[in-house]
Amino acid sequence: MSNNINTIAVCGLSWGDEGKGKFVDYLAQKADIVVRYQGGSNAGHTVVSDGVKYKFKLIPSGAPLEKEVIIANGCVIDPKVLLEEIKNLRDMGKMVNLKLSSTAHVIFPFHRILDGLEEQSKGKYSAGTTKRGIGPTYSDKVARWGIRVFDLINPDLLKIKLEKLYNIKKKLINVYDPNWDMDVNTIYEEYRSYGEKLKPYVIDTAFYLNKAIDSGKKIVFEGAQGNLLGIDHGMYPFGTSSNANVLGICAGAGIPPKKLNKIVGIIKAYTSRVGEGLFPTEIHDEIAEKIREQGHEYGTVTGRPRRVGWIDLFNIKYGIMINGVDQLIITLLDALEGINPLKICTGYELDGEILKSWPIQSEIIERCIPIYREFEGWEPRSRAEWSRIAKKGFDELPDTMKTYVKAIETELNTEIAIVSIGPDREDTVILNENVF
Ligand code: IMP
């Protein structure tokens, strides 16, 4: 049945790792194209498709279904990582139908080095980055001396621009580390060869995508990271360097706002965060340990144990507003099994007052006390049992889980359309068939 929804955006409403990959794969079943529009190989998207586990850093999560996948201009590209992902997919027998924007920016080794050095010197303002060179590459883009994919695939341009950029970056790195040096010709040769290999995929993706939308193709925009990590509306400076929310789509893919039909926000039944920065609902005791184990909360890119805490509806409400979320998907409810009681944060108190809106400034958030409601938890079940329950539908979920989900939906005043109780596509309870 057609519902006139041709373009849909999937966005994490917390600090990333909400389980977007699974739902991009799910929605991609009905899509023609899946698009990444921000971030780079700092992202780690896990997709279990037909029983096979895939981990992507750059390639959109529609790839296991052999959908057309696009890496748009708002992304920053580590060409080595991208070529490895293309190879891995081919080795797994998958056809790779990729298009890469000529105007996306390229990450070089000196960006990764600077990422580490700048982090160190930021002290208590360090975000605990993935050290993949994301911040320094976006900085160069904004400073207007960045190197783009178009330059990468044109050896003469690459040579001129790389030499210039290298000299500037060397001076900067030498401020931190006076002895640092690298052979620019070695970098050039390595990147020239990456450019040669990537050239067949490179096009103007904005033009291509607009034509595709105009011709009625169905498109999923896959966000990386999450709203609270976004550069403009997240918890600055403890986030990433792109607009890790749907606001990034227009600039990051060249899509006018009126061409976006629907926004789906992904929330997790609890919260996790990897890296530094405030986390008002963080839990530090053995409950955190249990959730971390049950939810496999270890970074996909860095392997770091993720910090975990109770779900924070106050900052999620802010994310719903910023992103204009139409419907929600809640994930990882199964990972809370055996924990009793469960807590939901519904607001913050500051100096004896209950706040009306989420305070975006870290310095204020630091002084806030979360307000909680408590809920009865549910008993542990085997993986097979959760899968069986998912097949039977929402009514078969434990009563306490239904109460928990409905309380979240009411508090957020936004429909929860899908509930996820396991990693596989089958472990999904659809409450509204008409999402896409
Ligand atoms: P960067 O994006 O590597 O610069 O890291 C900035 C912050 O965002 C750090 O706190 C990272 O841990 C966090 N971050 C970056 N990418 C992800 C992600 O995909 N999931 C969760 N956190 C992320």
Side-chain angles (χ1 to χ4, degrees), residues 10-24 36-47 54-61 71 74-78 81 85 105 107-108 111-142 222-245 248 252 266-268 270-279 282 292 295-309 315 319 331-332 362 365:
V10 179
C11 167
L13 293 182
S14 303
W15 283 284
D17 309 309
E18 296 90 355
K20 294 180 292 291
K22 170 173 166 172
F23 288 98
V24 173
R36 271 280 306 268
Y37 55 89
Q38 45 77 221
S41 41
N42 48 349
H45 293 176
T46 306
V47 180
Y54 300 82
K55 289 189 178 210
F56 299 116
K57 297 184 181 122
L58 263 174
I59 291 205
S61 302
I71 302 178
C75 295
V76 285
I77 313 298
D78 189 326
V81 173
E85 291 195 343
H105 281 247
I107 301 177
F108 286 87
H111 290 126
R112 286 192 296 269
I113 289 162
L114 267 173
D115 196 348
L117 293 169
E118 287 174 352
E119 271 285 282
Q120 268 171 25
S121 62
K122 281 180 183 167
K124 76 171 209 170
Y125 293 110
S126 136
T129 72
T130 59
K131 310 237 175 19
R132 298 300 188 266
I134 306 297
T137 307
Y138 276 118
S139 303
D140 282 353
K141 170 178 175 170
V142 177
E222 175 179 21
Q225 291 85 44
N227 188 57
L228 296 172
L229 290 171
I231 185 77
D232 280 294
H233 301 283
M235 280 172 75
Y236 189 88
F238 303 106
T240 191
S241 302
S242 61
N243 272 299
N245 53 29
I266 315 265
I267 56 175
K268 193 148 69 172
Y270 51 93
T271 310
S272 70
R273 171 159 208 182
V274 57
E276 303 303 321
L278 295 174
F279 185 172
E282 184 166 12
R292 185 175 301 115
H296 310 291
E297 294 294 351
Y298 294 88
T300 314
V301 174
T302 58
R304 290 181 285 181
R306 295 183 188 136
R307 299 154 66 194
V308 297
N315 62 27
T331 64
L332 278 136
S362 302
I365 295 172

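All ligand and atom numbering here is 1-based and tracks the order in the structure.
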For Phe279, the ring pair (Phe, Tyr, Trp, His ring centres under 6.0 Å) test, sequence neighbours excluded, returns Trp15

State which residues pass ring pair (Phe, Tyr, Trp, His ring centres under 6.0 Å) with Phe23; sequence neighbours excluded, sorted by chain then number.
none

Any pair counted as side chain to side chain donor-acceptor pair (under 3.5 Å), so long as it reaches residues 38-47, sequence neighbours left out
Gln38-Gln225, Gln38-Ser242, Asn42-Gln225, Asn42-Thr240, His45-Glu222

In a simple table, one pair per line, please give the protein and ligand 1 atom names for every N or O pair closer than 3.5 Å, along with the distance.
| unit_1 | atom_1 | unit_2 | atom_2 | d |
| --- | --- | --- | --- | --- |
| ligand 1 | 2 (O) | Asn42 | ND2 | 2.8 |
| ligand 1 | 2 (O) | Thr240 | OG1 | 2.6 |
| ligand 1 | 3 (O) | Thr130 | N | 2.8 |
| ligand 1 | 3 (O) | Thr130 | OG1 | 2.6 |
| ligand 1 | 10 (O) | Ala127 | O | 2.6 |
| ligand 1 | 10 (O) | Val274 | O | 3.4 |
| ligand 1 | 12 (O) | Gly128 | O | 3.4 |
| ligand 1 | 12 (O) | Val274 | O | 2.8 |
| ligand 1 | 12 (O) | Arg304 | NH2 | 3.1 |
| ligand 1 | 16 (N) | Asn42 | O | 3.4 |
| ligand 1 | 16 (N) | Gln225 | NE2 | 3.2 |
| ligand 1 | 19 (O) | Asn42 | O | 3.4 |
| ligand 1 | 20 (N) | Asp17 | OD1 | 3.4 |
| ligand 1 | 20 (N) | Asp17 | OD2 | 3.3 |

Do Arg273 and Asp17 meet the salt-bridge criterion of a basic N to acidic O distance under 4.0 Å?
no

Presence of salt bridge, Arg306 and Glu297, under 4.0 angstrom
yes

Side chains of His233 and Asn245 only: does a donor on one sit below 3.5 Å from an acceptor on the other?
no

